[in-house]
Amino acid sequence: MRNLVMYCGLMVVGILSLAAGCGGDPNVEGAKLALTLDEVNYDEYYGKLDQAIAADPANAEAYEVKGKLLQRQAGEVKDPAQHTEIVKKMVEAYGKALEITPGSPSVIQQLRQAYVAEFQLGFQAFNRGRENTEAYTEAVTFFQNTSVIQPDSAAPYVNAAYAMINAGMSDQAIPTFEKAISLGESEADTYVLLSNLYLQNQQTGEAIALLEKGRDMYPDKPELQSQLLNAYISSGQMERARQVYKEAVEREPDNKLYHYNYGTLLLEAEEYDAAEAEFRAAIRLDPEYGVAYYNLGATFVNKAVSVNDEISVKDDALRQNRSTLSSSQVTQAEGELEALAEQRKSFFEQAIEPLEKARDLQVAAGEEAALTCNALFTAYVQSGMQEKAEEAAACAGIDLN
């Protein structure tokens, strides 16, 4: 609010001082007086100012007054395309004034006011986009105008890119985000959004490079970590990913995200014991780490499934070869199957506690728990816990009838 008051005060002082002038070019003085009128014939006064500039190309005041008239007219024109053309002419006029009188406080102040005005128009259009998606395109235009006014600022490009995404202009959002980053934008959300656009556009290398930079800047941001992990996996760079997170865990053993991501990669590689150790390390660092509990439970479920596959192979072999085996060989094979069945059940039982914890944390946070309940249903059934299996089925939306 203090900034807005300051702007208004400066603007009023500027108008009063202009109205008081009487000794300069009559064309310029007439245009200055026009700024105080309720209605202005803009073309008439632009013509007068152009005459003053033709007579004296170094007339900084003429350029400044022209910029102010254009700035006022831009505020009256609602059509985005026409508005943009006027803004461009305004910036050109103020630019000429600054070339003649570098650092002019009054011109710089006017440009700041114009910058704020375009930003406000952009935000208003963006908010209208919730009801009418065409307004997002208008927001893009207004935010692009702010970048014309202040080309060295990253914020206009970031906001324009957001509006582009909502307007269905994702391809244009990529270079716009890139421009923002080149100007110093470094918010984690920007890195995540741009990397997601890269991945959608099959620019995996660009996504990984950006996310690795973001990871180093924000080691505790789960969105960046997750996106980088997805980028590695989608590009098939599993070994690189494992090495990166192995080194990260060794370098920062108290970073739960590094343990979790490394564990996820190990789980993907079916290295279950190593994955279990990483998820347990993450949980020790954060006892309320829901996804780590889920993946720990998933590790035991996958162990059980792996044992089940081994049972299927051995059982098929026994069926096919039973007639050729001695009774002792059959007994031995059946004993191995029973041992494996017990091991499978044990793994399902071990999955229950972390999955229950994951479910409880999800429910407490108001998050969707169906996937976790589905895994719990399988674990309960395989562990002979029928009543709990029915509860999990209801949670998972499984019809038992």
Side-chain angles (χ1 to χ4, degrees), residues 70-71 74-75 77-92 94-95 111-112 114-215 217-218 221 223-224 226-232 234-235:
L70 288 161
Q71 189 169 349
V77 173
K78 303 302 180 184
D79 178 76
Q82 294 178 10
H83 176 91
T84 296
E85 286 304 310
I86 297 170
V87 168
K88 289 178 179 178
K89 292 177 181 177
M90 175 200 72
V91 172
E92 182 181 358
Y94 283 142
L111 284 169
R112 286 174 179 165
Y115 180 87
V116 171
E118 292 303 307
F119 243 120
Q120 290 175 338
L121 290 171
F123 280 122
Q124 290 166 4
F126 192 92
N127 290 334
R128 291 197 304 274
R130 297 188 181 100
E131 303 296 330
N132 176 12
T133 55
E134 292 181 2
Y136 287 124
T137 304
E138 294 182 18
V140 171
T141 299
F142 292 126
F143 287 132
Q144 287 177 328
N145 289 346
T146 63
S147 68
V148 172
I149 297 169
Q150 194 169 328
D152 293 335
S153 174
Y157 293 99
V158 173
N159 284 284
Y162 273 94
M164 287 171 180
I165 292 172
N166 283 278
M169 303 160 61
S170 294
D171 287 347
Q172 295 181 46
I174 291 177
T176 306
F177 271 136
E178 290 174 337
K179 179 65 175 179
I181 290 173
S182 74
L183 291 171
E185 167 63 17
S186 60
E187 288 295 320
D189 288 345
T190 300
Y191 280 47
V192 170
L193 275 172
L194 178 54
S195 66
N196 189 50
L197 293 174
Y198 279 145
L199 291 173
Q200 291 176 13
N201 207 40
Q202 286 77 54
Q203 294 177 257
T204 309
E206 288 86 344
I208 290 174
L210 180 68
L211 289 165
E212 287 179 338
K213 177 183 176 182
R215 176 204 58 203
M217 294 172 63
Y218 302 100
K221 282 285 185 179
E223 300 88 352
L224 276 169
S226 176
Q227 189 82 323
L228 178 57
L229 194 61
N230 290 336
Y232 281 137
S234 66
S235 64

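The chain is numbered in sequence order, starting from 1.
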Is the shortest side-chain heavy-atom distance between [X] and [Y] below 4.5 Å?
X      : Y      : answer
Gln227 : Lys221 : no
Ile174 : Gln203 : yes
Phe142 : Gln124 : no
Tyr232 : Leu211 : no
Asp189 : Tyr162 : yes
Tyr157 : Phe177 : no
Ile181 : Lys213 : yes
Ser226 : Asn230 : yes

Indicate whether the side chain of [X] and that of [Y] have a donor and an acceptor atom separated by less than 3.5 Å.
X      : Y      : result
Tyr218 : Glu187 : no
Tyr115 : Ser153 : yes
Glu178 : Tyr198 : yes

Indicate the atoms forming the closest heavy-atom contact of [X] with [Y], along with that distance.
X      : Y      : result
Gly214 : Leu224 : O-CD1, 3.5 Å
Thr141 : Pro80  : CG2-O, 3.9 Å
Ser195 : Leu210 : N-CD2, 3.8 Å
Ala161 : Ala173 : O-CB, 3.8 Å
Phe119 : Pro156 : CZ-N, 4.0 Å
Ala231 : Ser234 : O-OG, 3.1 Å

Sequence neighbours excluded, every pair satisfying salt bridge (charged side-chain N to carboxylate O under 4.0 Å, His left out) that has a member inside residues 121-135: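 Salt bridge (charged side-chain N to carboxylate O under 4.0 Å, His left out) check on residues 121-135 returns Arg128-Glu138.
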Set of side-chain contact (heavy atoms from CB on, under 4.5 Å) partners for Gln71, sequence neighbours left out: Met90, Tyr94, Gln110, Gln113, Ala114
Atom pair [atom1] ([X]) and [atom2] ([Y]), whose distance is rounded to the nearest 0.5 Å:
X      : Y      : atom1 : atom2 : value
Met169 : Thr176 : CE    : OG1   : 8.0 Å
Arg112 : Gln150 : CZ    : CD    : 8.5 Å
Thr190 : Glu185 : OG1   : CD    : 3.5 Å

Where at least one partner belongs to residues 78-91, residue pairs that pass side-chain hydrogen bond (donor to acceptor under 3.5 Å, both in side chains), sequence neighbours excluded: His83-Glu118, Thr84-Asn145
Donor-acceptor check, side chain of [X] to backbone of [Y], threshold 3.5 angstrom: yes or no?
X      : Y      : result
Asn159 : Ala155 : yes
Asn127 : Phe123 : yes
Gln202 : Gln200 : yes

Glu92 atom CD, over 12 foreign heavy atoms within 6.0 Å: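 For Glu92, atom CD is not crowded (no more than 12 foreign heavy atoms under 6.0 Å).
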